[in-house]
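Right, one structure below, let's go through it.
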Amino acid sequence: MIVAERLSWVLKLRRGHKLNMEVFFQQFSNGLAIGGIYALIALGYTMVYGVLRLINFAHGDLFTSGAFLGYTFLVSLALGQSAGTVGAILLVVLLVMGVAAFLGYVLERCAYRPLRRSNRLNAVVSAIGASIVIQNSIMLIYGPQVLVFPAGMKPNVIVEIFGLNFPLMRFFLFGASVMLMLGLYFFINRTRLGTAIRAVAIDQDASRLMGIDVSQIISLMFMIGAALGGAAGVMVGVYYGQITFTMGWIYGLKAFTAAIMGGIGNIPGAMLGGMLLGMVESMAAAYISAGWKDAITFLVLIVILICRPTGLLGERVAEKI
Amino acid sequence: MKKIAAMIMLALLAWAGPGGAQEIKIGLMCPLTGDWAQEGRDMQRFLEMQVEDLNAAGGIKGIPVRLIVADDGGNPRSANLAAQRLVESQVAAVVGTYGSAVTEASQGIYDEAKVVQIANGSTAIRLTEKHFTGFFRTCTRDDFQGRAVARAVTRLGFRKVALVHDNSSYAKGLAVEVEPLLQAAGVEIVYYDALTPGERDYSTIITKMKTLSPEAVVFTGYYPEAGMILRQMQEMGWKVPIIGGDATNNLTIVEIAGREAAAGYYFISPPGPQDLSGEEAKAFMAEYEAKYGQMPGSIFAVLAGDAFKALVKAITEAGSDYEAISSYLHNDLKNFDGFTGPIAFDAKGDRVGDLFRLYRIDGEGKFVLQP
Amino acid sequence: MIVLSLRNLVKTFGGLVAVASASFDVEDGSIVGLIGPNGAGKTTIFNLITGNLTPDAGEIFFTNHSIKGLAPHRIVANGIARTFQTIRLFENMTVLENVLAGRHCRMRAGMLSSLLRLPRQRREEKLALKHCLEELDFVGMVDQRQNLARNLAYGSQRLLEIARALATEPRLLILDEPAGGMNEQETGSLIDLIRAIQARGISILLIEHDMSLVMEVCKKLVVLEYGGVIAAGPPEVIKNDPKVIEAYLGQDLDDL
Amino acid sequence: MIKALPPALVAFLLLLPPLVCSNYWLDVLNAIGVSAILAFSLNLIVGQAGMFHMGHAAFCAVGAYTTAIMNTALGTPVLWTMPLAGMAAGFFALLVARPIIHLRGDYLLLVTIGIVEIVRIALTQDIFGLTGGANGIAGIDRPYIFGFRIYKPSHFYWLIWGMAGVTIVLFSYLERSRFGRALNYIREDNLAADGIGINSAAYKLGAFVLGAFWAGMVGTILVSKMTFVSPAFFTFWESVVLFVIVILGGAGNLKGVLLGAFLVTGLPEAFRDFEGMRMFCYGAAVILLMIFRPGGLLPSRPGDYNVAEFMKKLAGPAPNPRSGEDKRP
């Protein structure tokens with residue numbers, strides 16, 4: 001008797017909270033979708049940082065380049081249309097990753113390599129210069145206006161799960177992000193080349209003595225980082241549909257925040273940081289205030305760094321005396 | 001070396017300019033760089049065509065007109081310099097600019113230098129509450145538009161709305177106007193917040209609004225965000241009407257949202273470039289389209305054109321000094337035939353009359369004027 | 001009188017015990033050598049004394065006051081100055097500026113008087129310059145005062161670190177491998193310098209692997225192994241202590 | 001005597017512009033002056049103390065809004081609010097910098113970016129109902145000096161460059177003082193500085209507070225010149241520009257920073273006619289400068305102290321004139 005009463009009470013509570021939980025899960029998934037993209041871009045930051053200790057401020061603009069290249073291939077040149085929508089997008093993502101990797105290589109060669117032995121602040125400023133150059137190149141080539149991927153470009157299917165609506169594309173987007181991240185993680189941790197990369201990240205001079213071509217590894221990391229940024233650019237372009245030459249800056253800053261939150265230089269950290277950032281943004285907008293959202297995320301970042309000065313998964317390096 | 005020599009020659013020529021051939025200079029201050037670069041480019045194209053036409057027809061009483069363009073970067077601090085530059089080139093009057101904060105930074109300079117300014121996109125109320133005798137605008141103020149938005153909401157019969165702006169000076173200003181008007185009309189505002197412009201994913205805000213189940217969403221910001229909201233609302237399977245302000249009067253919105261999602265979108269605006277009614281306006285727009293392959297993206301380039309037309313009229317009738325132009329614009333310009341309809345200015349320098357119309361985007365992606 | 005006294009000092013890093021209940025004293029005006037195999041915890045003890053690390057347990061008394069847990073700059077102000085095992089000079093600054101760093105804790109000028117260059121601040125600066133030049137003269141580097149620290153020869157860098165430490169007017173000077181990287185001739189003059197410092201009434205605690213130096217200058221040696229003190233006493237006694245000999249893998253200390 | 005000549009020449013050159021320049025170029029010079037003073041104050045933090053600080057606009061904003069609110073709400077004369085604006089900014093710096101002062105390099109960089117964004121958002125969101133939201137605050141008075149109304153570009157030229165002059169003198173005093181040197185030691189090696197008796201946390205905080213104080217005072221000048229203030233003045237980009245000025249000009253060298261302000265703020269004005277390509281060239285120039293002048297245009301120089309009088313007493317051999325200098329990496 002008492003048990004039954006309890007049960008009905010619990011059920012009542014459940015029912016009363018049902019709506020709120022639904023909304024919560026919807027917001028949760030919104031946060032994951034945004035976070036997946038942040039994580040993908042944050043990976044580029046983190047990898048370059050891991051080997052070079054350089055904040056690549058131009059990374060957000062490589063992301064923008066990816067979006068515009070994707071526009072050129074998909075919309076202007078209509079590549080891969082015979083392969084169907086998904087096939088065309090996949091083809092173009094691969095293509096853009098290649099071109100973006102090349103851009104990353106050129107960037108590293110011109111703007112960063114000459115500064116490798118120089119003061120860290122110089123490299124930061126050079127990166128800012130590179131960001132300005134790329135952004136304005138895009139404006140000069142494509143013009144200042146908003147470019148739009150046609151709405152029919154992507155399959156517009158809505159999936160209903162437990163009474164919640166999710167656009168199908170979101171799963172693709174999220175899945176693709178996670179696949180790329182996992183691929184990278186295994187590449188770094190399970191391959192010979194990955195071992196070399198980790199060695200360079202720990203000690204460049206020692207790696208050189210062990211016969212590793214450090215310059216080549218750094219170039220490679222830049223290329224991988226740029227390729228991931230470019231891929232994220234195409235995906236964001238196709239998914240959200242509109243691209244502008246200034247879009248890289250806001251994504252770049254968010255991804256940088258994500259990378260630092262997770263502990264810069266740390267690949268799982270970038271994923272964690274990205275997801276967490278997306279989640280904090282989404283929850284802040286949903287339950288506190290959309291206008292204050294970005295201030296709240298920065299506040300969370302500051303609190304995290306006060307508690308853990310090298311980010312969530314960053315290693316604490318004690319200085320040797 | 002040659003380039004440097006050429007630059008020095010150019011500089012010398014420019015130096016010698018004022019003493020040389022007689023001409024009337026009119027300044028255009030517009031954002032050619034920064035976030036609003038597209039608006040600025042359209043404004044510049046529009047006025048350049050007008051000047052060409054005017055000079056081909058003999059200028060103002062036989063004196064050719066020269067357009068001097070200064071980039072304000074869409075930023076108050078660089079606007080300060082742009083304004084000084086125009087004043088320095090001894091322009092008779094200035095057309096522009098787009099953003100309210102940007103205009104505000106330049107007003108004092110034009111006032112101190114006694115140069116007439118006609119803004120084309122700055123709708124903040126306080127710009128004309130400062131009693132500068134030489135400041136006018138061809139766009140209408142936020143409170144006019146606020147009333148038009150509130151009218152549309154009540155006329156369409158919505159009793160419960162969400163109000164969203166983007167924290168820009170313009171969108172916030174409009175939202176601040178709309179809010180009390182709606183409340184006074186007995187419309188319940190269930191959600192009132194700002195989104196962050198420039199982002200791509202607004203699903204969080206949409207989810208939040210959806211739970212509050214408003215009958216309509218009023219968005220006072222710009223077209224890129226409006227387009228994203230339309231598109232993502234459809235993706236999330238939530239269909240309620242959205243009502244926007246004149247900053248969403250841009251053909252790109254249909255492209256961004258897609259035809260299906262854009263259908264049913266309402267906005268309040270002066271007539272867009274594509275549905276101007278006057279014969280002259282139609283001819284001019286056709287000429288523009290032929291030259292640049294597309295219409296101006298928004299109405300603000302056309303409003304800049306109206307400002308230019310009014311200035312030419314004033315200079316023709318009253319001469320090119322400050323007192324003459326401002327007094328003519330204040331007192332004597334009545335029912336002047338502009339691209340966007342009759343133009344007249346009140347004592348504060350605001351445009352007289354209500355330009356605002358209610359538009360709805362139909363299934364074909366066309367902007368349809370609502371009766 | 002005892003200048004410095006360590007009582008049952010303990011420091012662990014994670015599971016690793018770096019210092020296990022170490023106790024020893026430094027008598028006023030004496031030169032004490034801290035020796036032991038690599039990893040015995042010598043530098044950790046230095047870092048505990050200078051406040052770069054905080055002990056997990058135990059006490060540190062300096063002139064009968066506890067200095068445990070004080071921040072490094074407070075400990076310097078109290079009268080303990082140090083040099084570093086890996087030379088840590090302000091590389092892009094001149095020799096004179098490096099010595100001025102040591103003067104910092106004996107000066108008063110704050111932000112405002114520095115900004116306005118008040119008369120009091122000017123007087124103080126002059127005195128500081130004078131003092132620093134004297135210290136440079138003391139180590140024989142006054143000619144090099146305008147050189148950048150990083151352009152100095154290795155031996156000179158070591159000397160500069162000592163001059164910088166002396167500028168703080170310490171009662172106790174802690175030298176971490178002062179002869180490291182020096183040739184025989186340089187080591188010889190270092191020994192003279194250390195004696196000269198002692199002659200000024202400054203006590204010295206040093207870590208050194210060069211046994212000839214240690215044996216020659218130190219009045220007392222403290223031998224560490226696995227973070228604990230295994231022997232302490234005059235060099236002659238230590239030399240023949242069986243535990244010490246074992247710690248050094250049975251080698252004759254004279255060979256080291 | 002000869003050493004005093006270039007400053008005299010510079011001072012003379014600074015007297016010229018109001019006589020020969022147009023209002024436009026005067027205002028360009030004013031903009032350069034404002035950037036220069038802000039960059040001087042940032043140099044204290046970035047150049048002297050070596051902290052990665054990219055949020056300086058936040059402090060300027062606090063000062064600017066202090067002036068704006070006090071002037072419009074209480075009617076306090078603009079120039080009277082200047083020290084208060086400085087103090088408000090300094091206090092704000094004390095508050096926010098304290099918990100983050102120990103963060104290393106890039107972490108500090110992002111946190112300072114975060115602070116400037118939080119401040120901008122708070123201003124935009126009309127925090128405490130005082131800041132007027134996105135519109136900002138308008139109708140700020142012009143400054144008066146002994147009843148003389150400052151409103152023309154040439155008036156502001158004197159005000160701004162006067163303040164710049166005072167700043168250069170005071171900050172050059174600071175460079176060669178106990179405080180300034182302490183910051184340099186921290187930049188060179190934080191741990192060694194601690195170990196030699198410098199309370200590095202306090203000095204870092206001091207650099208932040210003094211830099212913020214100065215930036216706050218510049219805020220007063222900025223709003224009195226524009227007669228209104230809005231969050232759009234204090235974007236992250238403004239902070240980045242200041243950062244670039246300091247590094248490009250020569251971190252730690254006041255002359256270099258001044259030159260940097262002329263180049264970074266002034267050159268884009270000079271190349272107005274190249275609209276589209278302007279920013280592109282600007283970015284490329286930044287990269288090239290960093291590659292070929294790694295220490296900035298005028299790298300910071302080691303301190304030169306006059307010690308002649310003491311040398312006689314020491315009776316040592318003749319001093320070795322500066323050898324091995326200027327070979328910075």
Side-chain angles (χ1 to χ4, degrees), chain C residues 50-52 71-77 81-84 88-94 96-98 100-117 121 124-126 128-130 132-134 136-137 142-152 161 164-165 167-168, chain D residues 169-182 184-203 206-207 209-210 213 252 295 299-307 309-311 313-329:
Chain C
T50 55
N52 294 93
H73 69 271
R74 302 295 295 269
I75 288 170
V76 176
R82 75 174 296 176
T83 65
F84 294 90
R88 300 193 83 134
L89 289 167
F90 306 117
E91 292 196 337
N92 295 311
M93 301 177 80
T94 65
L96 182 60
E97 283 175 307
N98 269 277
L100 276 166
R103 242 8 247 167
H104 180 90
C105 63
R106 301 289 168 227
M107 293 165 79
R108 295 268 77 83
M111 187 197 291
L112 207 63
S113 55
S114 295
L115 201 57
L116 302 174
R117 199 169 268 188
Q121 186 262 354
E124 193 186 61
E125 282 284 303
K126 277 195 168 176
L129 281 177
K130 180 163 168 287
C132 290
L133 286 165
E134 284 165 6
L136 274 179
D137 196 37
V142 77
D143 300 351
Q144 307 192 50
R145 63 177 185 275
Q146 274 299 346
N147 289 1
L148 289 184
R150 69 185 156 83
N151 293 337
L152 294 176
E161 268 208 319
R164 185 175 71 180
T168 65
Chain D
V169 171
L170 295 187
F171 282 15
S172 64
Y173 285 169
L174 197 71
E175 262 180 19
R176 302 281 172 259
S177 74
R178 179 172 177 258
F179 186 87
R181 282 193 304 266
N184 293 160
Y185 300 139
I186 292 167
R187 176 192 67 201
E188 291 289 314
D189 188 337
N190 198 338
L191 207 127
D194 271 327
I196 209 65
I198 291 158
N199 184 356
S200 61
Y203 276 89
V209 170
L210 184 60
F213 182 85
S300 83
R301 300 170 69 86
D304 192 0
Y305 292 88
N306 184 10
V307 292
E309 53 175 312
F310 310 114
M311 289 311 296
K313 288 177 200 158
L314 283 173
N320 188 359
R322 316 173 57 149
S323 53
E325 57 181 359
D326 280 3
K327 278 199 289 184
R328 319 207 109 201

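Numbered from 1 within each chain, the chains take letters A, B, ... in sequence-line order.
Contact tally against chain C (heavy-atom pairs below 4.5 Å) for D/V169, D/N199, D/V209: the top residue is D/N199. Ranked by heavy-atom pairs under 4.5 Å with chain C, the first of D/D194, D/I196, D/L174 is D/I196. The candidate from C/L129, C/L100, C/L116, C/T168 with the greatest count of non-hydrogen atom pairs under 4.5 Å with chain D is C/L100. For the set C/A128, C/A109, C/C105, C/A71, the count of heavy-atom pairs under 4.5 angstrom toward chain D peaks at C/A109. With respect to chain C, the highest number of heavy-atom pairs below 4.5 Å among D/F179, D/Y185, D/Y305 belongs to D/Y185.
Of the atoms belonging to C/R108, it is backbone heavy atoms, and not side-chain ones, that fall under 4.5 Å from chain D. There is no contact between D/A201 and chain C, counting heavy-atom distances below 4.5 Å. In this structure, chain D has heavy atoms under 4.5 Å from both the backbone and the side chain of C/A101.
Environment of CZ in C/R74: sparse, with no more than 12 heavy atoms of neighbouring residues, nucleotides or ligands closer than 6.0 Å.
In terms of modelled atom types and a separation under 3.5 Å, the side chain of C/R106 and the main chain of C/A77 share a donor-acceptor contact. No side-chain donor-acceptor contact under 3.5 Å links C/E97 to the backbone of D/R181. A donor-acceptor distance shorter than 3.5 angstrom exists from the side chain of C/E161 to the backbone of C/R88, with no hydrogens or angles considered.
Using cut-offs of 30° and 60° for the angle between ring planes, the C/H104 and D/Y203 rings count as perpendicular.
D/S177 places none of its side-chain heavy atoms less than 4.5 Å from the side chain of C/R117.
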